[in-house]
Each structure stands twice: as structure tokens, then as C-alpha cells.
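To start, the structure under review is shown below, and the notes come after it.
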Amino acid sequence: MHRPQQSTTLSAEPPGPRGLPVVGNAFAFGRDPLGFVTETQRAFGEIATVRLGSRAVVLCFRPEHVRALLVEQASRVTPLGIAPLLTEFLGDGLLTSDGDFHHEQRRLIQPAFHRRRIDGYAATMVGFTEEMLEGWEPGAEIDLSRAMATLTLRIVARALFSVDLEADAAGAALGRTFHDLIESLPQGFGLLPRLRRLDLPFTGYRRHLAARRRLDAYVYDLIARRRAAGDDTGDVLAWLLDAGDGDDAMTDRQIRDQTMTLFAAGHETTANALSWSFYLLSENPAVRDRLLAELAAVLAGRAPTVADLPRLTYLDWVATESMRLYPPAWTQGRVAREPLELVGYRFPAGTRFMFSQWVIHRRPDIWGDADVFRPERWDPEAGEKPPQWAYFPFGGGPRTCIGMPFAQMELRLLLATILQRYAPRLVSGHPVVPWPRITLRPKYGMRMILEPAGRVAPAPGTEPVRLPDRPPLSAD
């Protein structure tokens, strides 16, 4: 990768890697997004401009940039424009809307994520997990990533929409439909997404459209049934249906957009965080054993509750460290509404910015042994003190993920519940490939053996296992 000569005069835009005519860096980015952003940071340091088709995108690599774009200059940027296909799928939901409409929708949905209500979801989270475990067999091989996606989707459907997908024939297929939609979502910039959006029988885009139609049919039918019943169930869907009067009432399309966003975001990120956590524990037996010992000491085999979480400190460190190494939201973007300055550069309105949790969470100059899974780094007494905004798995500022407390509690409760019964072990030879789609997924799933937790042999040593300098990246 070309490295520019240093200059004392800042140009109109930061330098960046050379690209090809017309497409710029789009092919390189599309072929290996994680490798591309990592190598760009290594070659150009703090900030760089890349060309993704006709678009110039400024890649920002410092915690200070994250703070500036998410907090200090939040009113001068918008999230729109970075992922047009995500907007096409989710519509005007919380992730993709902006301005007054976004603020109003966030205000409307916020009560679902107040602390007391979130604590009330704990019994559903643990209960559904225990039901899943009843269907598991010691020694069985499963795709853990699919199992976690099915479980977290069932939890969010029950907690936020009062629906039990296991008791609903149409809902039982919802997990597979979400999987198909995300797997077939065209990725890329410039010419690439247009070339991939061919509605032909053999294309992934045809499968994507079919999955969207199935999801739309389910959500619109759910809205119609709830309107007809007229019951006040006290959940998010009830609040959306009751919002406003007359011309100010929400349309079915607006309710669909918010419902689809909560369904998608409410299960996909936590499912991936669980998959990566079980992978890291499987690869780091000393960490796994210490966590199993803590669970045994605090819970003694009983189901975890919210009240137990403050005493499960090592579990908290494990979850936090897992999301550092494998952040489900691996990148974020913003677009300047108006001219703004950042680290000495003056950017015009319309400038697109991208900053990656994958890169900043793994910078050696910030984290030291950045590729080591070491939960002890989060010990408030003896751990490290990373700079603010070096860790931001849920974003930040006024658009911090609204479901952050929900997801944090769910991740910890599900880990505690499952690990008391099973310590899943990665199938020997199974390829573990981080795949940056909308979220950071395991490309080939996560094939694991269900080892009973009580039969797991103690780890022979106490040293953490070092991960590769770069995990294997996606290759089509």
C-alpha cells in the first residue's frame, strides 16, 4: 500500500491509498473490508481518504475522532447515506432515521429500555435459554451461531412484542428468514451494489427480496392482528399503535419500520456477541476455567438473576473483552450536514466519514497486547486505563444504541445460564472467519461440541492464548 510523504501543510483532504480508475478502492474494500481498513490505518496513521466508486470516504482511526463525530459535532452530522441498502430494508427506523422524527421515535420507544422494565425481561431471557438447553444433548455438534440467533430472536419478540415465536407457525420460520436476508444483502459501494442488485432467479438479490417479502408479511400481519384485537399489552408495539391521534397517528408503514428495526437489531448483535464469546472461551481454556469457577461459586447451579450480575465480575470482564475483539457493530458512519473541521482539516458538507470499532479496538498503541483475549485488562483496580472512546461497541452520544442495557444484560445472563450446563468446544478444523456484513458474523457459522461443563478438564496452564495477528478473512 502506498505511503504518502509527510508534509507540514494539510491538504484539502487527507491522503489515502491509490485506487483503480472509476471504482477507486471499492474492489479492495469489498473483497476484504476488515483487512482493508486495518492496512489503511497501518499505512496512513490517524486519518485517510479512500474512494469507493464515485464517493470519497474519510476513514477516522483515533478515539478523539469518534468523540468528535458522535458527541461534540453530533448535530452537524447525520447517519444517513453510508448504508443505503440497510435503509432500504429497515425504512425509517431508529437506526436510519434522523432529525426531529428520529428524536420523537426514540422518545416513544425509550420506556421499553428503562432499567426497571429491562430487569423484568430477565426471567424471559433465562427461561427461554433453559428451554433451549433441554433440547441439547451432551456431545452433540451444533452450529452455535444459528442456535444463538434463534434464541435471541425469540427473546426480543417476547420481551418487546409479546409474541412467542415457538407457538407461532409463521414466527418459527422468522429466524431463518432473517438469516437469509442478511446473508444475501448486497454489499459494496459505487458500481458494486448496482451490479449485485440484479433481480434474477440465480442471484443473491432475488433471495434477499424474497426474504424481505416474508418478513414484511409477518410484521404487517402482526400489526393488523394487534389493531383488530385492540388489547393494551403494554409493550413497544402497543405504544407505537397508540402514538398520536388522527392525522398524527403512526401509519402501518412507520410502525413496520420501527418493528423491523427492533427485531433485526435486537437479536442479531447479541447473537453474534454470544458466538464470539463462546469461540474465545473455547480457545482460551484458562479464561474459561476461571469463569466456570466464578459461576459455580456465585450461583451453585441455580439460574442467574439480575441481582447476581454485580457479583459476577469476571463474567462482566469476559463479555466486555469479547466485544472489544469481535465488536458486533464493526463500523459506523456519518455524513456532514454542513462544513466542519476535524484534526486540522476542513471538510465540506456532504463529506462521508467512517470509523471502525474493529480497528480502534485492536490498535496496539492503545491496547498493548491488542490481539490477546485478556479479560483481566478490565479489572478496575489492576487493569488498563484505555483512553475514552477507544472502546465503543454500542456507539455513543445522542445516538447511543437504545438497546444497550438490554443487550448487556442478555449477553451476561445467557452466558451464565448456558455455561453452567455446557462449555461448548470448537469442532477441530472448523474455519472461523469474521465476516463483516451489517454486523460481524462468523462466515461459516460456529460448529461446536456440547461439552458438559462439569466434565471439562482443567486447563493445563494459566497463560492466555494469543490470537493470530489477523484472523483469517473472508474469501469468496
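Side-chain atoms are counted along with the backbone in the values below, which use heavy atoms only and exclude waters and symmetry mates.
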With the side chain counted from C-beta on, respond yes when Ile155 and Glu410 share a heavy-atom pair under 4.5 Å apart, and no when they do not.
yes
Show the nearest heavy-atom pair for residues Ala74 and Pro398, with the distance to one decimal.
CB-CG, 3.8 Å
Looking only at side-chain N and O atoms, does Ser162 offer a donor or acceptor that is under 3.5 Å from a partner on Arg226?
no
With a 4.5 Å limit on heavy-atom distance, are the side chains of Ile223 and Arg227 in contact?
yes
Side chains of Arg352 and Phe347: closer than 4.5 Å at any heavy-atom pair?
no
Check: Leu174 and Leu215 side chains under 4.5 Å, non-hydrogen atoms:
yes
Apply side-chain contact (heavy atoms from CB on, under 4.5 Å) to residues His65 and Trp389 and explain how you reach the verdict.
CA-CA 9 Å; His65 303 159; Trp389 297 102; over 6 Å; no
Donor-acceptor check, side chain of Asp369 to backbone of Val372, threshold 3.5 angstrom: yes or no?
no
Roughly how far apart are Met323 CE and Asn272 CG, rounded to 0.5 Å?
9.5 Å
Before you tell me yes or no, could you show the steps for Val37 and Phe29 under side-chain contact (heavy atoms from CB on, under 4.5 Å), namely the whole-Å CA-CA distance, both residues' side-chain angles and the distance that decides it to 0.1 Å?
CA-CA 8 Å; Val37 294; Phe29 179 86; 4.0 Å; yes
Measure the spacing between OH of Tyr279 and OH of Tyr326 and express it to the nearest 0.5 Å.
4.5 Å
Hey, what do you get for CZ (Phe113) to OH (Tyr121), rounding to the nearest 0.5 Å?
6.5 Å
Indicate yes or no for a side-chain donor-acceptor contact from Gln258 to the backbone of Asp92 under 3.5 Å, with no hydrogens or angles considered.
yes
Shortest non-hydrogen separation from Thr261 to Gly93 and the atoms involved
OG1-CA, 3.4 Å
Thinking salt bridges, do Arg363 and Glu46 make one under a 4.0 Å N-O criterion?
yes
Test of ring centre spacing under 6.0 Å for Phe161 and Phe263:
yes
Give a yes or no on whether the backbone of Thr331 and the side-chain of Gln357 come within a donor-acceptor separation of less than 3.5 Å.
yes
Check whether any side-chain N or O of Arg51 sits under 3.5 Å from a backbone N or O of Val23 as a donor-acceptor pair, and report yes or no.
no
Asp119 and Arg115 ion-paired at < 4.0 Å
yes
Would you find a donor on one side and an acceptor on the other, under 3.5 Å apart, between the side chain of Arg324 and the backbone of Thr320?
no
Is there a donor-acceptor pair closer than 3.5 Å between any side-chain N or O of His102 and the backbone N or O of Leu95?
no
State, yes or no, whether a side-chain contact exists between Arg62 and Ile47 at a heavy-atom distance under 4.5 Å.
no
So which heavy atom on Thr49 is nearest to which on Pro14, and how close?
OG1-O, 2.6 Å
Salt bridge or not for Glu321 and Arg374, using N-O below 4.0 Å?
no
First locate atom CD1 of Ile255, then atom CG of Leu241, and finally report the distance between them rounded to the nearest 0.5 Å.
4.5 Å
Any side-chain heavy-atom pair of Pro17 and Val50 under 4.5 Å:
yes
N-O pairing of Arg158 and Asp235 below 4.0 Å
no
Can you sort out the partners of Asp221 under salt bridge (Lys or Arg N to Asp or Glu O under 4.0 Å), two or more places apart, ordered by chain and number?
Arg225
Report yes if the distance between the aromatic ring centroids of Phe178 and His267 is under 6.0 Å, otherwise no.
yes
Regarding Ser322 and Ser277, do their side chains bring together a donor and an acceptor under 3.5 Å, going by distance alone?
yes
CH2 of Trp358 to CG of Leu325, rounded to nearest 0.5 Å, is 8.0 Å
Please examine the side chains of Leu274 and Leu151, heavy atoms only from C-beta on, and report whether any two atoms are closer than 4.5 Å.
no
Check Ala159 against Phe406 and note the closest heavy-atom contact, atom names and distance.
CB-CE1, 4.0 Å
Could you tell me which non-hydrogen atom of Trp239 sits nearest to which non-hydrogen atom of Leu108, and how far apart they are?
CE3-O, 3.9 Å
Counting distance only, does the side-chain N/O of Thr177 pair as donor-acceptor with the main-chain N or O of Ala211 below 3.5 Å?
no
With ring pair (Phe, Tyr, Trp, His ring centres under 6.0 Å) as the test, pick out the partner of Trp378 among Trp317, Phe373, Tyr391.
Tyr391
Please report the shortest heavy-atom distance between Ile360 and Cys60, naming the atom on each side.
CD1-O, 4.2 Å
Using the rule given for side-chain contact (heavy atoms from CB on, under 4.5 Å), can you reason through Leu440 versus Trp276, listing the C-alpha separation, both sets of side-chain angles and the distance that settles it, and then say yes or no?
CA-CA 9 Å; Leu440 190 65; Trp276 292 119; 4.3 Å; yes
Taking only Lys NZ, Arg NE, NH1 and NH2, and the carboxylate oxygens of Asp or Glu, determine whether Glu64 and Arg67 approach each other closer than 4.0 Å.
no
Contacts of type ring-ring contact (aromatic ring centres under 6.0 Å, His included), residue Phe128, not counting sequence neighbours:
none
Side chains of Met409 and Ile118: closer than 4.5 Å at any heavy-atom pair?
yes
Is there a donor-acceptor pair closer than 3.5 Å between any side-chain N or O of Asp143 and the backbone N or O of Met446?
yes
Is there a donor-acceptor pair closer than 3.5 Å between any side-chain N or O of Gln73 and the backbone N or O of Glu341?
yes
Begin from the C-alpha positions of Ile109 and Leu262 and carry the test side-chain contact (heavy atoms from CB on, under 4.5 Å) through to its verdict.
CA-CA 10 Å; Ile109 294 171; Leu262 292 171; 4.3 Å; yes
Drop me the distance from His179's NE2 to Ser145's OG, to the nearest 0.5 angstrom.
7.5 Å
Give a yes or no answer on whether the side chain of Arg399 reaches the backbone of Leu70 with a donor-acceptor pair at less than 3.5 Å.
no
